[in-house]
Each structure stands twice: as C-alpha cells, then as structure tokens.
2 protein chains.
Amino acid sequence: MSEGVEWALHSCLNLTWAPPGEAVTAAKLAAFYSLPAAYLNKHLQALARAGILASTSGPRGGFRLARPPEKITVMDVVTAIEGPEEAFRCTGILAAGPGGRTDVDYRAHCVISQTMAEAELAWRGHLAGRTLADLKATVEQRFPHTPENTRNGFANARA
Amino acid sequence: MSEGVEWALHSCLNLTWAPPGEAVTAAKLAAFYSLPAAYLNKHLQALARAGILASTSGPRGGFRLARPPEKITVMDVVTAIEGPEEAFRCTGILAAGPGGRTDVDYRAHCVISQTMAEAELAWRGHLAGRTLADLKATVEQRFPHTPENTRNGFANARA
DNA sequence: GATGTGCTACTCGGATAGCCTGTGTCCGAGTGGCGACGG
DNA sequence: CCGTCGCCACTCGGACACAGGCTATCCGAGTAGCACATC
C-alpha cells in the first residue's frame, strides 16, 4: 500500500484541529512531519478531487476539510489515494482452463475470487466504520493537549 | 496485490486434485490456464520455500502439496507470495512531529496505525479461516466433475 | 537372463533483462492582498 | 480622507524525471530412468 495513505490520514486528522474556516497550506502540513511538501501536495490534490478536502489558491489559501469529520471515513481517504479498485483483482483465468466459458463472470462464480472479496469486504467494513471524528476523539482523550499543540504547530511553521 | 497470488491459489487448488503421491510439473500447471510456465515456476518456488509445496527435480519430478489441504490456509499462500509484512506499514511519522519521541513505538500507540492494523487483522482472519480443503469441498459441491476434469487436464497437457 | 554402468532427457532453481506503478521535483496559471495614486 | 487601480507574492495544479518492484525469460545444476554392455 502506498505510503501516501499514511500521510493523507495524518494530514486529514491534523486538519481536524485547524482553526475553523481557516485553510492550511500544503507546506505547513508537510513541515509538521518533515515531509516533502510538493509530493504531499500531490496527495492532497487527490483528496480534493475525491471531495474530501476543499482547496483554495492564492494568499491565505490552502486546504480544509470539505465535510465535517463525522462524515469522513478512513475508507474514504484510503480510496482517494489508492484508487477504487480492490487489491485482489480476479483476472478470470478459469476462462482459459478446460471447461472455461468466456461469457461467465468469474468474479462472481470463482470460489477463490469470492473468498478474497469477502476478506476485503471485512477490511473495507472496518475502515468504513471509523470516521475522522472517532480518531479525533480518541486522540484528544489520550493526549488532551494535542489540539493546542497542532494549532501551534501550524502557526509556528514557516511557509 | 500481485497477480501471482491468483495463480498460486488456483495452482494449489488444482494440486488438491492431483493423483496422490504424484508430482505435477510447473509446465502442466501453467498449461492449465495458458500461463507463462517459467514465471509460474518462480511463484511455485516461493511456495516451496514457504513449506506449502514440496518440489522434486528430474524426470517424474514436479510439485505436490507438502501438507494435507486442511492444514493449508489461503493466508498461508498469500503470505508466501506477497511476503509477511503487512500492507499498511506505519513509518512512525509522528516521531518527526512536535512532541514526538524517537523512543516510542508508534505502531502500538498511533491511532491511525491501530485502526489500519485492526482492519488488516480482520482481513487476515478471514483468509486464515479458509483452508484449501474448504475451497476444494465447495468447488466439488458446485461442480462435481471438477476433480476428474482436472486430472484429465494434467494427463493431457504436454510437457 | 541378471546386473552394473554410463548416458540422456527432464525438471527445478537461481541469475538476468524489460516494463509499469509509485516517488519525488519543478515550474506555470490563477488569485487574494497590499500599496500607490488620484479625486 | 476615501475609492480605485496595478503590482506582487503566494498557493494550488499539473507536467516532468527517477527508482523499485513486479513481470517475463533463459540457462545451468541435479536427478531419475533407460539402454547397453558385460558376466
């Protein structure tokens, strides 16, 4: 899985603590964890295309959450970065075997494909059931001064 | 995910129906689905290294299951091909942030890492709970002549 | 006819190229803010 | 003093190189079986 997923999740979570109605630049988000700003920007663009973030150009511009954290699941972020297609892609090689039909959808009939699809469904279900608001609440409970620290980090970061 | 996983799973399942005590060559397994034999061989080697298959060189050689199908899970096969490391790899970027410690294992404390790990655990659990014997039984119930067809395919396949 | 030996063909195993998806970087288009200028 | 205009700096957005891993292939090491010569 792409490393950008981790960056995107942490960045979205940090945006949760940004001052309301204020946009944070990609440079500030990157400086938070010493990440390459231009590359993180690329991933943030993907999140914006997916409708998770809203982007603003020019001075005082940057990124902010397009929806309240309760409406953004971890699965949404992963899908925005990794793409919608599932990890295990059934190529239907059974069609090339003896007794194979080319007019049959083996994604639905092949037992192996079904098993992998079920497992992936369980994975997706876990991630779809966890929202940014859940993560935010958990972090704030464990580390109460995280919101303040994050805001200060944004304010002190140059660029 | 690598396409070799699909090939490996189908090949292992086909080996389930091979005549007992008889080895099947990589060429025959590849001919079954018109796959490149040399490349499939590479994946079968990985399965052999993982102790899932037993390989024999020379004439009358080939591959056979190293354990009864009840003792081989889908997860075993996936791990043998894809490697043991988990898909989401927490790089601990929190350590580079404000208040980050380099002596803390963020794979255990970072909420994002935990969430991804739980989801992946669900995925692995599903695959670890499904054995080759389960797949074999399901296929035989749906398509009763598959064992015979597979054996004939092995016999008729040249090379 | 039985047996030992050398050869042959066959199969796995690892070493070797090619390609395609991330990874990382750069510069241009667009925009809001600020200062200067004029009324 | 107030309004307008022009410039400028800032930010996203997409186009451009680089790398690592998956895909694909080939040839060599080892071995089981067979044919043949010999006893």
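Here is how names work: the chains are called A, B, and so on, in the same order as the sequence lines, proteins then strands, and each is numbered from 1.
Regarding contacts with the backbone of D/dC12, every side-chain N or O of A/Thr56 stays at 4.0 angstrom or more from both OP1 and OP2. OP1 or OP2 of D/dT23 lies within a sub-4.0 Å distance of a side-chain N or O belonging to B/Tyr39. At the phosphate of D/dG13, OP1 or OP2 sits under 4.0 Å from a side-chain N or O atom of A/Ser55. Contact check, B/Thr25 against C/dC12: no side-chain N or O comes under 4.0 Å of OP1 or OP2. Of the side-chain N and O atoms in B/Ser57, none sit less than 4.0 angstrom from OP1 or OP2 of C/dG13.
Among the nucleotides D/dG33, C/dG13, D/dC22, the one closest to the side chain of B/Arg60 is D/dG33. When the nucleotides C/dG22, C/dA9, C/dG24 are ranked by their closest atom to the side chain of A/Ser2, C/dG22 comes out on top.
Per the geometry, NE2 belonging to B/His43 stands 13 Å off C1' belonging to D/dT25, to the nearest Å. When the P atom of C/dT23 is taken as reference, atom CG of A/Leu35 falls 13 Å away, rounded to whole Å. With rounding to whole Å, A/Leu29 atom CG is found 13 Å from D/dT11 atom C1'. The CG-P distance, from A/Leu47 to D/dC12, rounds to 13 Å in whole Å. B/Arg89 places its CZ atom 10 Å from the P atom of D/dG21, with the value rounded to the nearest Å. At whole-Å resolution of the value, CZ in A/Phe63 and C1' in D/dC10 are 14 Å apart. Remark: C1' of C/dT21 and CE of B/Met1 are 16 Å apart, rounded to the nearest angstrom. In this structure, the CD atom of A/Glu22 is 16 Å from the P atom of C/dG32, given to the nearest Å.
Taking the side chain to side chain donor-acceptor pair (under 3.5 Å) definition, one finds that B/Ser34 meets it with nothing, sequence neighbours left out. A/Asn149 pairs by the side chain to side chain donor-acceptor pair (under 3.5 Å) definition with A/His145, not counting sequence neighbours. A search for side chain to side chain donor-acceptor pair (under 3.5 Å) contacts involving B/Glu118 returns A/Arg130, not counting sequence neighbours. Partners of A/His43 by ring pair (Phe, Tyr, Trp, His ring centres under 6.0 Å), not counting sequence neighbours, listed by chain and number: A/Tyr39. For B/Thr131, the side chain to side chain donor-acceptor pair (under 3.5 Å) criterion is met by B/Asp134, not counting sequence neighbours.
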Please list each protein N or O that sits under 3.5 Å from an N or O in nucleotides 14-16 of chain D, with the distance.
unit_1 : atom_1 : unit_2  : atom_2 : d
D/dG14 : OP2    : A/Gln45 : OE1    : 3.4
D/dG14 : OP2    : A/Arg49 : NH1    : 3.2

Show the distances under 3.5 angstrom between N or O atoms of the protein and N or O atoms of nucleotides 17-19 of chain D.
none

For residues 45-65 of chain A, dump all side-chain donor-acceptor pairs below 3.5 Å to protein atoms at least two apart in sequence or in another chain.
none

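No more than 12 heavy atoms of other residues, nucleotides or ligands shown are found within 6.0 angstrom of CZ on B/Arg107.
Looking at which nucleotide of DNA chain C each of A/Gly4 and A/Gly58 is closest to, the 5′-most match is held by A/Gly4. For the pair B/Ala26 and A/Leu40, nearest-nucleotide mapping onto DNA chain C gives the more 5' position to B/Ala26.
Pairs engaging residues 70-121 of chain B under the ring pair (Phe, Tyr, Trp, His ring centres under 6.0 Å) rule: none recorded [sequence neighbours left out].
A/Trp123 CH2 to A/Glu120 CD: the interatomic distance, rounded to the nearest 0.5 Å, is 6.5 Å.
A/Glu85 has no carboxylate O lying under 4.0 Å from a charged side-chain N of A/Arg89, or vice versa, which leaves the two without a salt bridge.
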